[in-house]
Asker: 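One structure, as structure tokens, below. Some questions next.
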Protein chains: 2
Amino acid sequence: MFSGTIPAAASPADGVQYLELRNALAARIAAGEWRPGDRLPSERALQVSGQAARGTIREGLAQLEAEGLIYRKDRSGWYVSPAPIVYDPTRWEGFISYVEAQGRAPATETLDAMAIAADAFLAGVFGREAGAPLNLIRRRRYVDDRPVLVEYIVVDVALAPDLLRFSFDQSLTGILKSHYGLAVTRNKVEMQPCALTGREAEALGIKPGLPGLNVVRTSYDAQGRVVEFDREYWRHDAVKISVEARVR
Amino acid sequence: MFSGTIPAAASPADGVQYLELRNALAARIAAGEWRPGDRLPSERALQVSGQAARGTIREGLAQLEAEGLIYRKDRSGWYVSPAPIVYDPTRWEGFISYVEAQGRAPATETLDAMAIAADAFLAGVFGREAGAPLNLIRRRRYVDDRPVLVEYIVVDVALAPDLLRFSFDQSLTGILKSHYGLAVTRNKVEMQPCALTGREAEALGIKPGLPGLNVVRTSYDAQGRVVEFDREYWRHDAVKISVEARVR
DNA sequence: TCCCCTTACTGGTCTGGACCAGATCAAGAC
DNA sequence: GTCTTGATCTGGTCCAGACCAGTAAGGGGA
């Protein structure tokens, strides 16, 4: 009646067609009929083999997508999701070493890097006046050639002058540490399921409205200064949160 | 071009009807036309005012649901979601004090409490042999009369003999501390978006397959013993994760 | 006043079509 | 060999219906 294993038990289906399709496909994926990255049969092919209307087929597929078992590539097909990256926000040593330690291939691409002026919100975050000069970097990060997140990083120009001369396709944490002597000693992280829309959906190449995970991290150094303010939008099926910490 | 505010910008809609409906409803919710807990107009009423097929209306509503702005009560209607509870897994003092501190009304209901034998997985968690006696407690927890999570708690009988004589409609942490001298000093927490199905969906009174958040927590005392193993299934729109911790 | 039963209403599921835009790939042109 | 072109396949969106099961509210009876 209670299993300790991580994935929840499949639903009973109760004669609901789309849940039966969901269970059938989930079973075939679990049996290894398709491997991570493989494409499922097309919706119309599933229609023929399953004897259901296409809308019903799509309901079942959307179900599996919400569970993170499969994902879609626009107008290309449905694919089996790779295993998620395990993410410990209290242990952040940087995306690259993190992903590599899990035997996956990370990559980073800088989309934008520019100077901005602090709005009211960012002024509050950095403890500066509105209009203070900041740097904004927008990056896209990949695991095994699949884009998994876009992030907006804001850094205080006063702590890292002339930051924009660097390339950000590598570790930003490394740049801040080696060139500016900025070391993170404390993180504040907030996470919330969200929908990926607009620019984020576009940057990840997904249909607007798909679920995602919004991670907002504020990093402080030993003097309590804000070293980095970072907002990340993850594909919801690409990440699993794991936290280990002492109780306070 | 970059706002620090927490919710992501709405999608541009691009002439897509269901996204336009989503934006229109989101704007009316943001404007306060409906308050948290209020019921939206019925799908058929929206159909008349919006001149679209019911399937299109439902697509737009499902969109808002995925974003956590609204939720559904089976065959009753669509309702505006209340603000989520902020949850810090490293700071867990117990659900009740936690929710009250945020000005909300918590409640707990025990669904089951029974003796079980450890399977292979649980034996590994507790560092005992398979078949070792454990206690399993299943509870449902509410915020402002709305069920927000179901949880399965496993406690080692060796650490807390005769635990089942207590009522669990109050703080379990308190019982373990005051009657057995068990204090949690370290937590390990894993979180992953999931779909709520079967028993979990039933216990929360929601449609099977809706998104949720699966939280698995292992609590240790100062001697490194497993005090509590806890698996929670949250409504995805009822919780927001916030972690604050030193970097290690 | 209270309870029960009827009834209208609500979302849940499903059908079987339609047209579109982008992805894909093979055949042909250079 | 490389590039272009076109046909085909894919999912994305939308329509207009249908029937079902559970909710909720109102009316009638005790």
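Proteins get letters first, then strands, A, B, ... in listed order; numbering begins at 1 in each.
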Asker: Strictly by modelled atom types, are A:Q63 and A:E67 linked by a side-chain donor-acceptor pair under 3.5 Å?
Answerer: yes

Asker: May I have the distance from B:L61 (atom CG) to C:dT10 (atom P), rounded to whole angstrom?
Answerer: 13 Å

Asker: Starting at atom OH of A:Y18, determine the distance to atom P of C:dT15, rounded to an integer number of angstrom.
Answerer: 13 Å

Asker: Is B:Q47 close enough to D:dC15 that one of its side-chain N or O atoms is under 4.0 Å from OP1 or OP2 there?
Answerer: no

Asker: Mind telling me whether B:Y87 and B:W234 have parallel, tilted or perpendicular rings, with 30° and 60° as the class edges?
Answerer: perpendicular

Asker: Between the main-chain N or O of B:R58 and the side-chain N or O of B:E43, is there a donor-acceptor pair closer than 3.5 Å?
Answerer: no

Asker: Rounding to an integer number of Å, can you tell me how far B:L46 CG sits from C:dC9 P?
Answerer: 16 Å

Asker: Would you please confirm or rule out a distance under 4.0 Å between OP1 or OP2 of D:dC9 and any side-chain N or O of A:S42?
Answerer: no

Asker: Please report the distance, rounded to the nearest Å, between CD1 in B:I57 and C1' in D:dT13.
Answerer: 14 Å

Asker: Tell me, do A:P82 and A:R104 make a side-chain contact under 4.5 Å, heavy atoms counted?
Answerer: yes

Asker: For A:L40 and A:L61, which heavy atoms make the closest approach, and how far apart are they?
Answerer: CD1-CD2, 4.1 Å

Asker: Between the side chains of B:T108 and B:D169, does any donor sit under 3.5 Å from an acceptor?
Answerer: no

Asker: When the distance from CZ of B:R58 to P of D:dT13 is rounded to whole Å, what number comes out?
Answerer: 17 Å

Asker: The side chain of A:V16 is closest to which nucleotide in this list: C:dC14, C:dG11, C:dT15?
Answerer: C:dC14

Asker: Provide, to the nearest angstrom, the distance between the CD1 atom belonging to B:I206 and the C1' atom belonging to C:dG11.
Answerer: 15 Å

Asker: Mind calculating the distance between CH2 (A:W78) and P (C:dA23) to the nearest angstrom?
Answerer: 16 Å

Asker: What string of B, S and - do you get for nucleotides 17-27 of chain D 5' to 3' if you count protein non-hydrogen atoms under 4.0 Å?
Answerer: -B--BBSS---

Asker: Check whether B:Y18 reaches the backbone of B:G55 with its side chain - one donor and one acceptor, N or O, closer than 3.5 Å.
Answerer: no

Asker: Would you indicate, yes or no, if C:dG12 has its OP1 or OP2 atom less than 4.0 angstrom from a side-chain nitrogen or oxygen of A:Q17?
Answerer: no

Asker: Would you tell me if any nitrogen or oxygen in the side chain of B:T56 comes within less than 4.0 Å of OP1 or OP2 on D:dC15?
Answerer: yes

Asker: Nearest-Å distance, CZ (B:R72) to C1' (C:dT13)?
Answerer: 11 Å

